[in-house]
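Structure record follows, encoded as structure tokens.
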Amino acid sequence: MDPLLVSLDGGVLRWTLNRPERLNAFSLELHAALREAMKRAEADAAVRCVLVTGAGRGFCAGADLAGRDVNPAAPVDLGATLESNYNPLVLRMRALPKPIVCAVNGVAAGAGANFALACDIVLAARSACFIQAFVKIGLVPDCGGSYFLPRLAGVQRAMALAMTGERLSAEDAARWGLIWKCVEDADLMPEAEKLARELAAGPTRSLGLIKQAIYASAGNALGAQLQLERELQRKVGEGEDWKEGIAAFQQKRKPSFKGR
Ligand code: LHQ
């Protein structure tokens, strides 16, 4: 079975994590498929938004723990898989100059929870939940969790989530600002698809630079951020979509952005 289903429709590249019998846990094959899918998202101009979700009842249960040798003869370097798989994935997601929408359809645990938080706009079904499961097996948060959590939810909530591994409901995740919205289960895919389609029809250059600006703010002082805004506004000003945006406003019609 393909560990990742990939399809392109209306500018939306859909990634469906597809190992439902393991709650879509990350295997090496899934990582390899995500690398390919990311390559396509980066290179194909027809892709103007990515939509990520999971097959079956779970979103993603983190690293696949099933086949792990717990008594290996040689010492194991757990950092190696981060270096070769998770870290490049998260960095490429953040650097992709196109929006990534995540529809969390069920439990998101360990690296699965933080993979969701690495996306740009996250919606979750009411029955979904987020678990920083690492501590339960004697690990530390990875896949960006120790970066995203304190920034999204504050240090205190991040610390308690990471130290207890307590399950956070989708509703609380939305209330705490970890995610954009919690919606009824039946509404998750229609809402996420609607949002992804709208973004795919949006001014792609502008969306990519919005992403750059918002993420850069975490490491910038106000002065540097204002300079960045000036640079980014210059860049979008070299494209076509802003002209269409203003023309459409003046002509009282909907803009037809080309993503250029
Ligand atoms: C799974 C998994 C799974 C395989 C459920 N693997 N099969 C790790 C290691 C090294 C270096 C770098 O980074 C990392 C990153 C990490 O992500 S560490 C954290 C790994 N994830 C976890 O610790 C979560 C483990 N899973 C759970 O705690 C539970 O399954 C949750 C809370 C996610 C869901 O619970 P339930 O809804 O009760 O489902 P379940 O436990 O019955 O799982 C359903 C099936 O999925 C079951 O298989 P089975 O054959 O018995 O039906 C599980 O074994 C399998 N599964 N997670 N990570």
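Not measured: the values here are computed from a predicted model. Just follow the structure's listing: the first ligand is 1, and inside any ligand the first atom is 1.
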Review point. Is any side-chain N of the basic residue among Glu244 and Lys258 closer than 4.0 Å to the acidic one's carboxylate O?
Key: no
Distance col, row Arg234:CZ vs Leu209:CG, nearest 0.5 angstrom, shows 14.0 Å
Excluding Ile246, membership of its hydrophobic cluster (Ile, Leu, Val, Met, Phe, Trp, Tyr; side-chain heavy atoms within less than 4.5 Å) reads Trp242
Original post:
Have Asp185 and Ser127 got a donor and an acceptor in their side chains that come within less than 3.5 Å?
Top reply: yes
Inset, instruction - Anything under 30° is parallel, anything over 60° is perpendicular, the rest tilted; go ahead and classify Phe26 against Tyr86. - result: perpendicular
| Can you find a heavy atom in the side chain of Val140 that is under 4.5 Å from one in the side chain of Phe134? | no
Counting only non-hydrogen atoms and a 4.0 Å cut-off, the residues near ligand 1 are Glu21, Arg22, Leu23, Ala25, Arg57, Ala61, Gly62, Ala63, Asp64, Leu65, Ala66, Arg68, Leu78, Thr81, Leu82, Val107, Ala109, Gly110, Ala111, Ile131, Ala133, Phe134, Ile137, Leu139, Asp142, Arg167
